[in-house]
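Each chain gets a letter, A, B and so on, in the order the sequences are listed, and its residues count up from 1.
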Amino acid sequence: KREKHNGKRRNGDRQENKRENQRRKRSSKSVQGIREESQSKTERRERSRRRKGKAEHETSGHEGNKRERDQTRAKSTKSKKNIKNEKTRKLEGKEDGEAQEKSEKGKLKLVCTKNEEKIESGDQLKEKEKALGVKKKKKRRKKVVETSSEPETSEDGDDEEEVNNDGEVRPELLSPEELEKLKEAVDEKKKLIQSLRGKPWPMKQKLVTLRESQLFVEKYEGALGKGKGRKLYAYKVMMTKKWMKFQRDFENFKTACIPWEMKIKEIESHFGSSVASYFIFLRWMYGINMILFSLTFGLVMVPEALMGRPYGSIPRKTVPRAEEAGAMDFAVLWDFGGYAQYSVLFYGYYNNQRAIGWFKFRMPLSYFLVGVGTVAYSYMVVIRTMARNANESGIGDDNSFNFSWKMFTSWDYLIGNPETADNKFASITTSFKEAILEEQESRKDDNIHLTRFLRVLANFLVLCCLAGSGYLIYFVVRRSQKFALDGLENHTWWERNEVNMVMSLLGMFCPMLFDVISTLENYHPRVALQWQLGRIFALFLGNLYTFIIALMDAINLKRKEEKVVKYNITMWEATLYNGTGSENSTAPPITIHPADVPRGPCWETMVGQEFVRLIISDTMTTYITLLIGDFLRAVLVRFLNHCWCWDLEAGFPSYSEFDVSGNVLGLIFNQGMIWMGAFYAPCLPALNLLRLHVSMYLQCWAVMCCNVPQERVFKASGSNNFYMAMLLVILFLSTLPAIYTIVTIPPSFDCGPFSGKNRMFDVIQETLESDFPAWFSKVFSYASNPGLVLPFILLMVLAIYYLQSTSKSYKEANVELKKKLQMQNEENKKKNKQAALKAQMDLEEAKKSASQTAEHQRNNNDSVQRQEGENAKIYMTR
Amino acid sequence: MGTTASQLAKDSLSEYQELTFLTKQEILLAHRRFTELLDRDERNHPNPRVPMEVILTLPELKSNPFKTRICQVFSTSEDKDGSLTFEDFLDLLSAFSDSATLEIKSHYAFRIFDFDDDGTLDYGDLEKLVNCLTGETEDTRLTSEEMRQLISNILDESDIDKDGTVNLSEFQHVISRSPDFVSSFKIVL
């Protein structure tokens, strides 16, 4: 019985195939009809492409074998005329397709074939679906066709098919090959669904294709999942479906979690992508600081606050008696003295107890590792981002498409503000004109000596500025140390905050000075911008390093002081014990309030405090300049414009522009200070987070309400990696002094988690010895001896060298390939020209011959006429 | 108001997510913006069409020099008036979205620049393109000599087969090397 069933099923199959053929015919007919009607050329092209795809599909598609079989079978039922029809149609389609391809010069060949594949599969499935949908109608037609040859089987087949269509395909009835094919088809459909969004089709077409392929997949997937041993497959399918859904939801969730998206979009639409790039950079920075903050907060500050000894239990955690009176004053707290100084915010508060709390948290180790981890994480992130940026910009450095890029990619589609759009129009026009001028190279540098002289002069002036600012900072820091020795209370507010104020003011006014100086140089604006950035960078860096050098001096002073204090303390302890009971050493220890214990100066906390103050004053100056320079200016310009003798909005003060590069530089330097000081003041990332958060809102508001779009809009993407490189340099330069102090200077004896140790990194050694089994420390000591480390470093260097040389060779290969491509293009050009010439010659010849024959014929005609006339004459005469 | 009738069905929403580069929130936002453009009596229409003039009042498109071309390219209406249905609108946003691929972006960019819809960028197309980019005012326009120079330079660079026009594959080749095409070919609601 089963055999019979099988046979029937095969019959049904055959019928289906036959039907499919007919359907295809019909569809191609209808396509033709539509094609004649359609007017749009693009549409036509696509259709003909699709048709071609079908033609190919019919002759050599991946189901070609099957189809051939079908056709041979179909021959028995179909009339020969039918076949002929089909063949001619096929040929037509093919020719059409070929013609189309020719007209596109074969350039699109790749694209074409790709599209064909896609469309092919789409078509195929459409047919199948329609075969189901329009079943009844077809059935009737089919019966008409088939009654002549084999009426009985066809009826049976139809019935069988109906069952098949209503129920599922029975997998156990299919041969393994067919199953395989089916599976392939299903996979293909799935791929199609995946890639559907990347297709430039109208939504309707995409929707139809999606629905059809989903139906197909569901139907046949169910079939595949039915038999025994296929449960795993069904399970897998289900899981992938769930996984996809989850992924999509997660993606949605992720985009919903990105903060400030709407704000940035608004700015993008008003100011173009370059201003927005600053805010995106700011947001990225915020993300990094978030991680740094959670590291320090979660692993250092919170454990110490919760599980460490409470405030007041030991001297380092108590405000000394001398400072107690003013420890809660706002001025002192604002300076991060008093209670703020003796808290988890600073290095000195942490105890050197090896393990704290009930689960033995290794505090000093954690402190050290967090410090290292902060730096390591920052390096990783910056370098990874740089690499990704480099990948994205790819080979964008060659200038072979200078004009085309200006033409095709210079419009920023995000611009939604008419004013910005006008600026953009102007800048595009100037860039076109400049490019043309440069191309012509008609510009003459008439007074080259003068420009050279001016440039040298400008650089000299800038150097003077830099040296002056460096000296000023050094001078101020030294003076402040003198003040500090005298005691801060005797000095005015200015004298106390001199260092930070001077640094901030220099950072504010020097760039303006540079701007004025750079007008001397007469550079192209892009070059001028780079010079300007370089100079500001040098200024900030110089300032920072003078600050650090001065700080080093301060550290040395403190360490000298520390020695004295240490000596005094031993004396003090001795006198204390001597005074009370010298005769009995086992006397109960005297309880002294921890606030009264004399203590060392703790240089680490001093460094941390300096950095925190620097950050605070920097933030303040940034905000104040923002408020005065942008907001106040905008308000004045806006409201005084009614009663002023010239037009303020168009004339001198006008509104300010948003200075992208300056702001990015400020952000980078701020981050550098964070990296530098974070080891000595664990609160720095938190402070920075706060600052960035406020900046985001404040600057967004300031940009939207009081800035005008830039006149010259620079591209954001080109400078992205430039900023990243700067960040990397700053990261390196700022970790350098921090690491130097950690490695070379012994920690203070009575404050901080490493007190009592010779060097800070001894904590690792200690942990290895006491917390790990003996063999581990042995292995570690073997691994860290120079005999092993040096070869390892050598190996890494070799690996770097190898990678570099391979990348170089790839580049060379690229260049070679490009050359080849150009050669080929030229050859093609030549060939085309020759062909065109030949064709022209042929045409002319043909014309000539045609005209000759025409003449000939005319002559003949004439002669015939003449003859006839003569004949007639003769006839007449007769 | 009639907002309840214009809610997106759940399954069509998921289909749109499958077929575009947009997230759920973006699609919902697009739908809201689109229904705001419709009159009240049009909202009950099953598949409403918004005429091009109304679409162009969107602030995202208002100052774009290619706005009419964008509408025409994405419109599926039979009489070529640039009117958009919601699905056309989604197509537009998807092509201009952040995560769309370079391939699809360059395809649509080509069609937008192809002013006469003949499948290649010829001299006329490029001229119109330059005029779009330099704005309407007289002082920013290029002279005809400059225009000729510029277009011949462009054709020198990107017309690889030297047939005097830039076709799609040549265009995509040029665009794919550009560092900032993907980041600037964006429209976000």
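- With a 4.5 Å cut-off on side-chain heavy atoms, W411(A) and S184(B) do not count as touching.
- R211(A) contributes atom CZ, which lies 9.0 Å from atom CG of L19(B) (distance to the nearest 0.5 angstrom).
- Environment of NZ in K24(B): sparse, with no more than 12 heavy atoms of neighbouring residues, nucleotides or ligands closer than 6.0 Å.
- The candidate from L821(A), N252(A), D249(A), I428(A) with the greatest count of non-hydrogen atom pairs under 4.5 Å with chain B is N252(A).
- A distance of 12.0 Å separates CD of E87(B) from CD of Q205(A), quoted to the nearest 0.5 Å.
- A 4.5 Å side-chain heavy-atom check between E18(B) and I193(A) finds at least one atom pair inside the cut-off.
- Highest contact tally toward chain A, considering only T101(B), L150(B), L22(B), is held by L150(B) [criterion: heavy-atom pairs under 4.5 Å].
- Residues of residues 125-133 of chain B that come within less than 4.5 angstrom of chain A, heavy atom to heavy atom, are L126(B), L129(B), V130(B), C132(B), L133(B) in numerical order.
- Closest non-hydrogen pair, W201(A) versus Y108(B), comes out as O-OH, 3.9 Å.
- In this structure, chain A has a heavy atom under 4.5 Å from the backbone of E60(B), while its side chain stays farther away.
- Evaluation of the ring-ring contact (aromatic ring centres under 6.0 Å, His included) rule for F21(B) yields no partner, not counting sequence neighbours.
- For F113(B), the part lying near chain A is the side chain, with the backbone staying farther off; criterion is any non-hydrogen pair under 4.5 Å.
- Neither the backbone nor the side chain of K245(A) comes within contact range of chain B; no heavy atom of the residue lies under 4.5 Å from a heavy atom of that chain.
- With chain A as partner, the option from P65(B), A109(B), S176(B), A100(B) having the largest number of non-hydrogen pairs under 4.5 angstrom is P65(B).
- In terms of heavy-atom pairs under 4.5 angstrom with chain A, the leader among Y16(B), F74(B), F110(B) is Y16(B).
- Between I415(A) and N64(B) there is no side-chain heavy-atom pair separated by less than 4.5 Å.
- Under a cut-off of 6.0 angstrom, the local environment of OH in Y123(B) is crowded, with over 12 non-hydrogen atoms contributed by other residues, nucleotides or ligands.
- Under a 3.5 Å cut-off, the side chain of D91(B) and the backbone N or O of M203(A) do form a donor-acceptor pair.
- For L210(A), the part sitting under 4.5 Å from any heavy atom of chain B is the side chain, from C-beta outward, and nothing else.
- When every heavy atom of R248(A) is checked against every heavy atom of Q17(B), the shortest pair comes out as NE-OE1, 3.5 Å.
- Both the backbone and the side chain of T20(B) come within less than 4.5 Å of a heavy atom of chain A.
- Of the listed residues S14(B), A95(B), S94(B), S106(B), the one with more heavy-atom pairs under 4.5 angstrom with chain A than any other is S14(B).
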Checklist entry - Should Y413(A) and F66(B) be marked as a side-chain contact (heavy atoms from CB on, under 4.5 Å) after you check the CA-CA gap, both sets of side-chain angles, and the distance that decides it? => result CA-CA 9 Å; Y413(A) 286 75; F66(B) 304 108; 3.6 Å; yes
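- Panel note: side chain K186(B), backbone L414(A); no donor-acceptor pair is recorded below 3.5 Å.
- Aromatic ring pairs are classed by plane angle as parallel below 30°, tilted from 30° to 60° and perpendicular above 60°; the pair F171(B) and F408(A) is perpendicular.
- Heavy atoms closer than 4.5 Å to chain A are found in both the backbone and the side chain of I154(B).
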